[in-house]
Number of protein chains: 4
Amino acid sequence: MKAAIINVTGYAGSELARILHGHPDVEVASVTGRSAAGKRLPEVLPHLWRLDLPITRTVDDSVDVVFSALPSGASAAALAPFVDEGVKAVDIAADFRLRDPAEFARSYGTAHPAPHLLEKAVYGLSEIHRQPIRQTDLVANPGCFPVAALLAMAPAVHGGLVRDDVVVDAKSGISGAGRGGLNTDVKDHFAEANENVVAYGLGGHGHRPEIAQELAGLRDADTARVTFVPHRVPMTRGIMATCYAPLRDEGVDEETVRDAYRDFYAHEPFVRVTDDPPQTKQTAGSNTCLVHPTVDERAGRLVVVGCIDNLVKGAAGQAVQNMNLMLGLREQDGLDRLPLYP
Amino acid sequence: MKAAIINVTGYAGSELARILHGHPDVEVASVTGRSAAGKRLPEVLPHLWRLDLPITRTVDDSVDVVFSALPSGASAAALAPFVDEGVKAVDIAADFRLRDPAEFARSYGTAHPAPHLLEKAVYGLSEIHRQPIRQTDLVANPGCFPVAALLAMAPAVHGGLVRDDVVVDAKSGISGAGRGGLNTDVKDHFAEANENVVAYGLGGHGHRPEIAQELAGLRDADTARVTFVPHRVPMTRGIMATCYAPLRDEGVDEETVRDAYRDFYAHEPFVRVTDDPPQTKQTAGSNTCLVHPTVDERAGRLVVVGCIDNLVKGAAGQAVQNMNLMLGLREQDGLDRLPLYP
Amino acid sequence: MKAAIINVTGYAGSELARILHGHPDVEVASVTGRSAAGKRLPEVLPHLWRLDLPITRTVDDSVDVVFSALPSGASAAALAPFVDEGVKAVDIAADFRLRDPAEFARSYGTAHPAPHLLEKAVYGLSEIHRQPIRQTDLVANPGCFPVAALLAMAPAVHGGLVRDDVVVDAKSGISGAGRGGLNTDVKDHFAEANENVVAYGLGGHGHRPEIAQELAGLRDADTARVTFVPHRVPMTRGIMATCYAPLRDEGVDEETVRDAYRDFYAHEPFVRVTDDPPQTKQTAGSNTCLVHPTVDERAGRLVVVGCIDNLVKGAAGQAVQNMNLMLGLREQDGLDRLPLYP
Amino acid sequence: MKAAIINVTGYAGSELARILHGHPDVEVASVTGRSAAGKRLPEVLPHLWRLDLPITRTVDDSVDVVFSALPSGASAAALAPFVDEGVKAVDIAADFRLRDPAEFARSYGTAHPAPHLLEKAVYGLSEIHRQPIRQTDLVANPGCFPVAALLAMAPAVHGGLVRDDVVVDAKSGISGAGRGGLNTDVKDHFAEANENVVAYGLGGHGHRPEIAQELAGLRDADTARVTFVPHRVPMTRGIMATCYAPLRDEGVDEETVRDAYRDFYAHEPFVRVTDDPPQTKQTAGSNTCLVHPTVDERAGRLVVVGCIDNLVKGAAGQAVQNMNLMLGLREQDGLDRLPLYP
């Protein structure tokens, strides 16, 4: 089967190329770029030297699946023609994640670019929406923070273990800020980002309504009470989401909670419930999500740590997992390599 | 005036030596070590080359003030003789921080080494206990995480803005783990700690009861409901404590809260309430604490970010600030240099 | 086919496990450890969770190939019985690299542990000794620095482009220091190694005679004049060797040199001659060596930059490449994945 | 005395502000910026909160000394009026470093902006040109790499210990690339620079002729044969220059060389000849240069390691040292604080 990657030159796009290069059944047939159009892929991204394709302005081959790694707001328009033709489409941007176009407008500061496609789009967190993903032509790949936060909280929220009052304190590597073309923001300069922790999005972040929408869905509610604070930490890859919520029944002990988590994820190929506190480094380059639920008995609180590689399970790997589901392939295809450690 | 540093070879001890070297009125007269005794200080710590003192087994000079940077549990015994002789003593270890010796035993796994001195000891967070510090001979220098968390939450807790239900999610540089003598734990190996975030202390951390004791004191209560989760992030210095608490009055807006914080810290030389999210790097090498209170109106929650350099305001700088108060010197002496940025 | 890894718990050993896990024709059948014996592999190295083997004291299965990742000096004795039985053996330690046992004794401070096997051993830099590797039962996997330095200089030395006077200035990530069991040297502590560059081995380093032996061999000489200075830089993986040598004919221009390099490596699957200065990050997790020859015309000097991932092409990947040759498999098997970037 | 800083918002400028803030006799009276003009200094650089000055377009006060941290090529024009009025001027850019304007044009790609001032300018490496610096009104502050390389090689070249054939292999932290305004080059993005070593300037770098000019001067020659290769390593601050040169007399031993170095620097307040290999981290935030000469007896080669903080001894600290000399102050004023370690 053939795949196209729209906007291959950012971190999500190049990571998709890397992963698909190792996929047994899917071949990267076409890659597009904007300023880099006209060059060969390895001229711009030398690490992809085994994938010597031209970067074109538009998809120049007939493909079975198309991925868009364009910025949010620009992605929907690029994907719409493919969706109309029945080509499977995975949007790595935010354009189809929020079911409510008004919430999209509030969060991303622009009117929704293709509200007519929202009905078609399935939120692509495979562990939660596997069946609809298998049947749709358009998947909204989830945001990196929501993947970590939702996989950390899903068993507890779905199982009714906690009250509707969640704090998500997330720590992300700097690749999460994107590559930013030829110029990048001074906050991403090595000398500024190194040896530094920065909290941001305190006034609001587009991943908060996404987390809220899905947490609400897990308990069949319309809304969820969520505080979300992302932090930048001086590493390239990795997200840890530390999630806090009051236990509904304060007497529940840690072992009971952990068993519930193990049951919930018993058949998941990419989620591991760990007995020891997980480390983001244990996920580097892999599609794994590590989840570690604990109970602070004194405070009656559930504390769950979730770890992913933000560019893999938080972006390109999740996208390939969705593609595998959409194309009827084995879900782990191309995704079964071990993480790079140390 | 003359100062002695017991166990100068760890990070807190060497940082004390660095700061005191720039102090206008206090001279480092004696430094002790264990395995390094017999060497000159710059042989062990070449960056202290302008402080060419012998490392001795015990304090070998008559001094006005003594600092102990020994491990918790070993510090009290070393300081007791000085306290008995009326020498001012600052304990950078945890031995005198918890007023309840039973809580000390639970937290540090050993019986309290000098319960008879507990009454004498003052908890050395200068911004909260300035007057008693001025009058005591024995200061318990606070833990690094408690400094960041307490300065972040003190105005809100003292002012009754929040309910008694605080989550402290803290991120610390790796120097917080200590230097560890000639051998160090494999978890502190650069290759393991780099490109990694790790949550720890999920089953309990000695700084939690310390935070709880002081938060309770701020509202004249006996206990406080606190969940505390520290995280290791791949940088050398710096702590950020992101603190979450439900607002008592959900209608309070951010500006009101920020004004309350500005009033509370109006005359503090080392605490700055910031309008923008602070960065740990903005404190590197300095005794400053940056505090940034915000309100998540949707969730009715106070979110406060506190930043310090864990080795300065979180250890050696705070110790010098306490020394200045105890000796009747200007509180900023030796501590007014700007941070190193970038 | 079945493989055993002796001492799987260090960085070279665990990297071998990771790579072999993705090998199409070879299965890891047995892994050994010393202090970790008795545990399961993922208990000690959680990132290897898909490789749930017991760690045993000795190889507990009949295997086709055995790798030793023991420390130099201890490796030969562990491999000797396998070599005697005709099992293919790859020594990742230094025990069989130097043909002269007296040089081994000088460099590693201990008598050679198995001089009778030296005749059998082939120096395992596949690009230089491919045929003998195919025919031997015992390969001495090269040191990490020699791989980078030799691949950078081989075309020039073999082609007679430079005089016998080479300076190798190498920069290595900290994983090169090894994992060091439960305790590690304080110099490897994150707080010491981060934000730091350190030169070492100025009084002599075991990789110098190894580089000299092979450079001499490339020009059919007995000795080579080489200065080698390794440096530690604050990253986990990667080696860059910047090599300097006076041109024999000062009029030779860069394009001529580059053509000679391209010819030399024309059929090599893992060496790429680059037009742009290469970056260590472009090799992370992959078995590629990037080589960039330049000419400083003013000084009449060849300057060549060589980059590898020290744990892959500098250790475990090179070992698998050698195994493929020894077992008659395709040389790229298990080694064709793209690097992880960024 | 009063000082002005032209272009305070880059790394050299802000570092100057930090250092001068701690100077006993000089006060920062005026700071200028381009895009930041109109703001207060702490709005742009929050770590300078104790220096609450307006950023103006031009120097708005009468001052005794002016520093320019403008880019090379733009600096001379800004300083010329001050020089004409007899105000002491220190140029941190490259405009007055090369005595030959044709060499400047070749190296910096633009005609020399003020050739008439070249005669007046003194190359500001205090250890080599102390007397002329004391007597001039215009100092050309040296480049960061030349400071490290020249202090490493000066005793050997001046003492005739080596032949005229020097290789300088330098490793620099990323702050050396400059801050770059609001946008920075993608190569400086944390995700690209982290976990990476990159060689650059292989086709020529402006600091090479500067090193050559001064090495030639040290042996009263017109030219010097120098190969210079800078490398970027993933840290914020610090330069290590590892310098290689063939010994004139191959029999000279290391102790003789080290004694010659100790004699040469016997009275220098900021240069330390070390017995152990130095580390860049031992200079962080301080004006010290560490120099470690060694001999590779087998190859008959001198190998010298020089370490500085590129923003202090390599820029702003050296500038203050020069200012102290020009103004007749104590050379160490404002520069005697110990480095920040770890």
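Just so it is clear: chains get the letters A, B, ... in the order the sequence lines come, proteins before strands, and each one is counted from 1. All figures in this text were calculated on a predicted structure; none of them were measured in a lab.
Shortest non-hydrogen contact noted between K171(A) and H231(B) is NZ-NE2, 3.2 Å. In this structure, M235(A) and E195(B) approach most closely via the heavy-atom pair CA-OE2, 3.0 Å. The heavy-atom pair separating M240(B) from A199(A) by the smallest distance is CE-N, 3.7 Å. V229(B) and Y244(A) make their closest contact through CB-OH, 3.4 Å (heavy atoms, listed as atom of the first residue, atom of the second, distance). A pairwise comparison of heavy atoms in A191(B) and P342(A) identifies O-CB, 3.2 Å as the closest pair.
Heavy atoms closer than 4.5 Å to chain B are found nowhere in P246(A), neither backbone nor side chain. Neither the backbone nor the side chain of H189(A) comes within contact range of chain B, judged by heavy atoms closer than 4.5 Å. At a 4.5 Å heavy-atom cutoff, the contact between V198(B) and chain A is made by backbone and side-chain atoms alike. Contacts between V197(B) and chain A at a heavy-atom distance below 4.5 Å involve backbone atoms as well as side-chain atoms. Interface residue D169(B): backbone and side-chain heavy atoms are both found under 4.5 Å from chain A. Of the two parts of V295(B), neither the backbone nor the side chain holds a non-hydrogen atom closer than 4.5 Å to a non-hydrogen atom of chain A. Only the side chain of R208(B) has a heavy atom closer than 4.5 Å to any heavy atom of chain A.
Enclosure of atom CG in D222(B) is not indicated, since only 12 or fewer non-hydrogen atoms of other residues, nucleotides or ligands lie within 6.0 angstrom. Atom CZ of R298(A) sits in a sparse spot, with 12 or fewer heavy atoms from other residues, nucleotides or ligands closer than 6.0 Å. For NE2 of H158(B), the number of neighbouring non-hydrogen atoms (other residues, nucleotides, ligands) closer than 6.0 Å is 12 at most.
One distance of note links OH of Y341(B) with CG of N196(A); it measures 6.0 Å at 0.5 Å rounding. Remark: E192(B) CD to Q279(A) CD distance equals 7.5 Å, nearest 0.5 Å.
When the candidates N194(B), T227(B), L202(B), V226(B) are compared by the number of heavy-atom contacts under 4.5 Å with chain A, T227(B) comes out ahead. Chosen from I239(B), T283(B), T242(B), the residue pairing most often with chain A at heavy-atom distances under 4.5 Å is T242(B). Among the candidates T294(B), T236(B), V303(B), the residue making the largest number of heavy-atom pairs closer than 4.5 Å to chain A is T236(B). Contact tally against chain A (heavy-atom pairs below 4.5 Å) for V305(B), D165(B), D276(B): the top residue is D165(B).
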